[in-house]
Amino acid sequence: MSLDEKILWKNFKKGNRKALNKIFETYYDGLYSYGLKLTGNSSLVKDSIQDFFLKLWLKRNNLRDLQFIKPYLYFSFRRNLYYNLTVFNKIKETQEPSEADFQTVFSHEDFLISQQENSERSEKLLDAVNNLTTRQREIIYLRYFEGFDIEQISEMLEINSQSVRNRLHQAISKLREIL
């Protein structure tokens with residue numbers, strides 16, 4: 001984390017509303033996109049983000065110092081979102097999310113590699129990604145679209161880092177095989 005982020009987090013913990021606004025503005029779009037990929041329910045995601053930041057603000061005195069803000073927010077938001085899903089009876093599972101809960105269907109826009117790519121290759125890539133397991137899609141999303149490292153993904157998904165590496169390797173191997 002940069003020095004600016006450490007100062008921002010410390011100011012937030014001290015009750016600085018400008019720091020809260022900066023964190024909210026910086027991470028809102030990413031959290032919204034991630035939540036939408038997890039649930040497909042825009043209004044629930046928006047409400048959950050508001051609820052999450054309110055809880056974060058109210059509990060700021062009890063928060064620990066962070067090495068990185070983004071992974072902490074994604075991890076905590078994911079838990080809050082799944083809690084809200086259970087409260088609203090939006091999922092069939094109990095409180096813990098399962099692989100089936102990550103309902104991502106990647107669009108062509110997510111995979112436009114360059115203007116030169118032809119539409120047939122894009123279609124093949126889209127089909128290949130949507131044939132991955134739900135956990136593999138989530139790991140691909142977190143790794144390549146959100147830029148998290150293996151350890152951060154491991155913490156967020158509450159699985160060991162070797163499992164993340166294995167699933168990432170399996171997903172990439174499957175994509176190579178299909179393509």
Side-chain angles (χ1 to χ4, degrees), residues 1 5 9 12-13 20-107 109-111 129-171 174:
M1 179 181 332
E5 284 184 318
W9 187 252
F12 163 74
K13 285 178 51 179
L20 170 67
N21 289 339
K22 177 69 175 167
I23 292 170
F24 182 85
E25 290 172 2
T26 301
Y27 295 103
Y28 179 87
D29 289 340
L31 290 171
Y32 176 76
S33 177
Y34 183 50
L36 202 55
K37 295 222 181 279
L38 290 171
T39 67
N41 185 330
S42 178
S43 62
L44 178 66
V45 172
K46 288 177 183 177
D47 289 344
S48 293
I49 291 172
Q50 294 293 329
D51 177 57
F52 170 66
F53 275 96
L54 176 61
K55 287 178 184 175
L56 201 63
W57 179 254
L58 294 174
K59 295 179 180 184
R60 70 187 179 278
N61 294 327
N62 299 326
L63 297 175
R64 60 185 167 86
D65 289 334
L66 297 177
Q67 187 175 1
F68 300 101
I69 294 176
K70 185 176 178 179
Y72 173 78
L73 291 178
Y74 275 64
F75 173 78
S76 300
F77 173 68
R78 184 177 193 263
R79 282 187 159 295
N80 187 69
L81 179 61
Y82 278 114
Y83 174 77
N84 288 342
L85 281 169
T86 59
V87 169
F88 297 121
N89 295 321
K90 297 291 184 184
I91 59 174
K92 297 175 187 169
E93 303 295 321
T94 59
Q95 293 182 354
E96 285 300 312
S98 70
E99 289 185 28
D101 294 331
F102 195 78
Q103 302 172 3
T104 300
V105 177
F106 287 91
S107 66
E109 292 81 28
D110 291 330
F111 284 98
V129 169
N130 285 328
N131 283 319
L132 297 175
T133 68
T134 53
R135 185 63 77 169
Q136 288 172 335
R137 284 195 307 254
E138 185 172 14
I139 290 170
I140 291 278
Y141 176 80
L142 291 171
R143 179 75 173 114
Y144 296 109
F145 288 86
E146 292 298 331
F148 290 116
D149 65 31
I150 299 297
E151 293 302 319
Q152 292 167 332
I153 295 170
S154 171
E155 288 177 24
M156 282 192 294
L157 301 182
E158 297 178 297
I159 58 177
N160 69 48
S161 57
Q162 188 59 49
S163 292
V164 173
R165 283 186 187 87
N166 291 346
R167 289 181 180 177
L168 186 59
H169 175 73
Q170 291 166 349
K174 187 172 183 180

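Quantities reported herein were computed from a predicted structural model and do not represent experimental measurements.
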message: Assess the residue pair Tyr74 and Glu146 against the criterion (side-chain hydrogen bond (donor to acceptor under 3.5 Å, both in side chains)); give the C-alpha distance rounded to whole Å, side-chain angles, the decisive distance to 0.1 Å, and a yes or no.
response: CA-CA 10 Å; Tyr74 275 64; Glu146 292 298 331; 2.7 Å; yes
field: Salt bridge present between Arg78 and Glu138 (N-O < 4.0 angstrom)
entry: yes
Nearest heavy-atom neighbours spanning Phe52 and Leu73: CZ-O, 3.7 Å
statement: In terms of heavy-atom contacts, Ser161 and Ser154 come closest through N-OG, 3.2 Å
field: Lys13 atom NZ, over 12 foreign heavy atoms within 6.0 Å
entry: yes
- prompt: In Å, rounded to the nearest 0.5 Å, how long is the span from CG of Asp149 to CG of Leu142?
  reply: 11.0 Å
query: Under 4.5 Å between any side-chain heavy atoms of Ile140 and Leu132, yes or no?
result: yes
Over all atoms of both residues, closest heavy-atom pair of Asn130 and Arg137: O-NH1, 3.2 Å
message: To check you understand the geometry: which heavy-atom pair defines the closest contact between Ser163 and Asn160, and what is its length?
response: N-OD1, 2.7 Å
- prompt: Would a 4.5 Å heavy-atom cut-off, applied to side chains only, mark Tyr34 and Phe145 as touching?
  reply: no
task: Determine, step by step, whether Gln170 and Asn166 satisfy the side-chain hydrogen bond (donor to acceptor under 3.5 Å, both in side chains) criterion, reporting the C-alpha distance in whole Å, the side-chain angles of both residues, the deciding distance to 0.1 Å, and the verdict.
output: CA-CA 6 Å; Gln170 291 166 349; Asn166 291 346; over 6 Å; no
task: Decide side-chain contact (heavy atoms from CB on, under 4.5 Å) for Tyr72 and Leu63; before the verdict, give the C-alpha distance in whole Å, the side-chain angles of both, and the deciding distance to 0.1 Å.
output: CA-CA 11 Å; Tyr72 173 78; Leu63 297 175; 3.1 Å; yes
Which atom of Ser48 lies closest to which atom of Asn84, heavy atoms considered: OG-ND2, 2.8 Å
- request: Please check if the side chain of Gln50 supplies one atom and the backbone of Asp47 the other of a donor-acceptor pair under 3.5 Å.
  value: no
query: Quick one: does Tyr28's side chain have a donor or acceptor within less than 3.5 Å of a partner on Ile49's backbone?
result: no
task: Give the minimum heavy-atom separation between Gln136 and Ala171, together with the two atoms involved.
output: NE2-N, 3.7 Å
query: Is there a side-chain contact between Phe53 and Leu31, using heavy atoms and a 4.5 Å cut-off?
result: yes
- prompt: Roughly how far, to the nearest 0.5 Å, is CG of Leu157 from CZ of Phe148?
  reply: 10.0 Å
Nearest-0.5 Å distance, CG of residue Asn62 to CG of residue Leu56: 11.5 Å
task: Would you confirm whether Trp9, through its side chain, and Arg64, through its main-chain N or O, come within 3.5 Å as a donor-acceptor pair?
output: yes
- prompt: Hey, are Thr39 and Tyr82 close enough side-chain-wise for a donor-acceptor pair under 3.5 Å?
  reply: no
query: Under a 4.0 Å N-O cut-off, is there an ion pair linking Lys70 with Glu5?
result: no
query: Counting distance only, does the side-chain N/O of Lys174 pair as donor-acceptor with the main-chain N or O of Thr133 below 3.5 Å?
result: no
query: Rounded to the nearest 0.5 Å, how far apart are CZ of Arg165 and CD1 of Ile153?
result: 10.5 Å
task: Could you please spell out the steps behind the side-chain contact (heavy atoms from CB on, under 4.5 Å) verdict for Arg167 and Ile159?
output: CA-CA 11 Å; Arg167 289 181 180 177; Ile159 58 177; 4.2 Å; yes
- prompt: Passes side-chain contact (heavy atoms from CB on, under 4.5 Å), Leu38 versus Phe77? Steps please.
  reply: CA-CA 11 Å; Leu38 290 171; Phe77 173 68; 5.6 Å; no
query: Does the side-chain contact (heavy atoms from CB on, under 4.5 Å) test come out yes or no for Leu168 and Ile150, once each step is laid out?
result: CA-CA 9 Å; Leu168 186 59; Ile150 299 297; 3.8 Å; yes
message: Taking atom NZ as the centre, does Lys55 end up with more than 12 heavy-atom neighbours from other residues, nucleotides or ligands that are less than 6.0 angstrom away?
response: yes
